[in-house]
There are 2 protein chains.
Amino acid sequence: MKLNVLFSPIVADELYFTGKTSVVIDVLRASSTIVTALKNGAKEIVPVATVEFAVKVSGGMFGGQTLLGGERNTKKIEGFALGNSPLEYEEKVVNGKSIVFYTTNGTKALTKARFSENLFVCSFLNLNAVAKHLVSLNNNVEIICAGRNNFFSLEDTVCAGKLAAEIISMNPEVELNDSLYAALALNEKYGQVLLKMLKQSEHGKLLIENGFDEDINYCAQLNVFDVVPYYTNGVLKLMK
Amino acid sequence: MKLNVLFSPIVADELYFTGKTSVVIDVLRASSTIVTALKNGAKEIVPVATVEFAVKVSGGMFGGQTLLGGERNTKKIEGFALGNSPLEYEEKVVNGKSIVFYTTNGTKALTKARFSENLFVCSFLNLNAVAKHLVSLNNNVEIICAGRNNFFSLEDTVCAGKLAAEIISMNPEVELNDSLYAALALNEKYGQVLLKMLKQSEHGKLLIENGFDEDINYCAQLNVFDVVPYYTNGVLKLMK
């Protein structure tokens with residue numbers, strides 16, 4: 001079993017992922033929000049790469065039981081029912097709904113990796129569940145950090161490192177490469193102080209400036225949900 | 001003073017560098033070779049982004065005192081006088097010569113960053129000299145890891161982290177960001193065991209497979225040359 005970490009989705013093109021097993025991580029906040037929405041009963045999440053496509057999809061498809069969700073520059077998009085705060089995605093709001101979801105980095109990474117044979121979503125919230133599932137598949141894995149506007153993001157890489165460490169603890173035969181050495185080192189340094197790390201990260205600071213402190217506390221929780229979102233035919237659902 | 005580390009040149013486009021102060025790092029081996037060649041009296045290095053352009057440039061320019069150097073997939077290119085091993089660039093070979101230089105990652109990173117207002121080359125060999133010069137300029141700095149085929153490379157990032165740590169030791173006012181937290185953490189983890197780190201890196205292993213063990217020993221030397229290569233009008237020279 002080999003693991004590889006991509007520190008930004010831009011380092012590979014779409015066809016790179018063809019036939020692969022991939023995991024997308026966008027801790028602040030898309031992958032945390034996707035995990036939360038599905039855990040709280042959303043029927044599915046439809047990740048889209050542009051706002052225009054979100055509006056188009058939400059109009060006619062999925063039987064009208066749709067909600068538009070997401071953000072641009074951390075803020076809710078005009079006309080959207082929901083932003084990108086996981087705390088908005090309560091059971092009473094999302095239960096049974098199809099959620100068309102656009103975010104600046106996370107849903108772009110997901111749509112980029114859409115040719116993967118297996119595509120999963122990981123956050124700190126469901127890290128152990130994803131690790132266990134990946135070990136059971138025993139495929140090579142591409143761990144994709146959504147990053148920020150193509151640039152590196154600390155929190156996604158620490159999460160990638162923690163996911164890798166968890167997988168290695170269950171399967172010590174994993175082959176190491178440069179990206180893993182780096183992600184594992186960052187997990188060693190920051191993996192026991194997740195909340196502090198999130199607060200000192202660039203994205204964390206921006207969220208705090210915009211009043212989303214509670215989201216950071218929420219996204220720093222480790223292994224609180226035993227769920228694995230996976231991508232199938234254009235939508236994200238939970239593994240049974 | 002702000003520092004930013006790019007873990008691959010692909011995360012930014014060419015115009016991103018316009019007006020900036022940038023440093024290119026390709027420890028194995030382009031930046032180590034450039035530093036060595038200039039230290040040993042080469043008149044200049046002409047970094048080029050394609051082999052075809054290297055051949056074209058070498059034919060008619062620079063008064064005939066040119067040598068073609070570089071590699072493709074770690075090996076010397078057919079018809080080139082020199083490969084990409086710094087040990088080949090001895091004084092008796094390079095003194096007074098213009099060297100047209102192509103490598104898979106390093107010279108591509110250099111040509112990508114060519115719109116920088118100030119553009120320097122750093123390796124472990126000349127790290128302290130580059131750090132001192134950057135502190136004296138007191139500009140914001142983009143530290144560009146050449147990486148490998150757009151992907152992350154451990155040795156370039158450890159070098160970036162060590163360069164950043166050196167700058168911060170001279171100027172504690174440097175603002176930290178996500179990329180710096182990561183590069184500094186990797187320097188903490190690997191910065192005292194450079195040779196071991198180089199040998200365990202993907203590129204290091206490939207070089208060892210191809211018989212370049214001595215290059216790795218050479219490139220692991222820290223602060224042995226007090227030189228700063230800079231880019232001006234298409235060529236690299238030493239700062240006086």
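All of these numbers come straight from a predicted model, not from anything done at the bench. Labels below follow one simple rule: chain letters A, B, ... track the order of the sequence lines, proteins then strands, and each chain is numbered from 1.
- Contact tally against chain B (heavy-atom pairs below 4.5 Å) for Asp178(A), Val158(A), Leu154(A): the top residue is Asp178(A).
- Between chain B and the residues Leu6(A), Val5(A), Asn150(A), Ile10(A), the most heavy-atom pairs under 4.5 angstrom are made by Ile10(A).
- Ranking Ser8(B), Gly147(B), Ala182(B), Ala12(B) against chain A, the residue ahead of the rest is Ala182(B), based on heavy-atom pairs under 4.5 Å.
- The local environment of NZ in Lys39(B) is sparse, with at most 12 non-hydrogen atoms from other residues, nucleotides or ligands closer than 6.0 Å.
- Interface remark: Leu186(A) contributes side-chain atoms only to the contact with chain B (heavy atom separation under 4.5 Å).
- The environment of CD in Gln192(A) is sparse: at most 12 heavy-atom neighbours from other residues, nucleotides or ligands sit within 6.0 Å.
- A ring-centre distance under 6.0 Å is not found for Phe152(A) and Phe152(B).
- Looking at Thr157(A), there are no atoms closer than 4.5 Å to chain B (heavy atoms on both sides), in backbone or side chain.
- Contact between Glu202(B) and Ser179(A) at its shortest, heavy atoms only, is OE2-N, 4.2 Å.
- With a 4.5 angstrom heavy-atom cutoff, Tyr181(A) touches chain B via backbone and side-chain atoms both.
- If you measure heavy-atom distances from Glu188(A) to chain B, the contacts under 4.5 Å come from the side chain alone.
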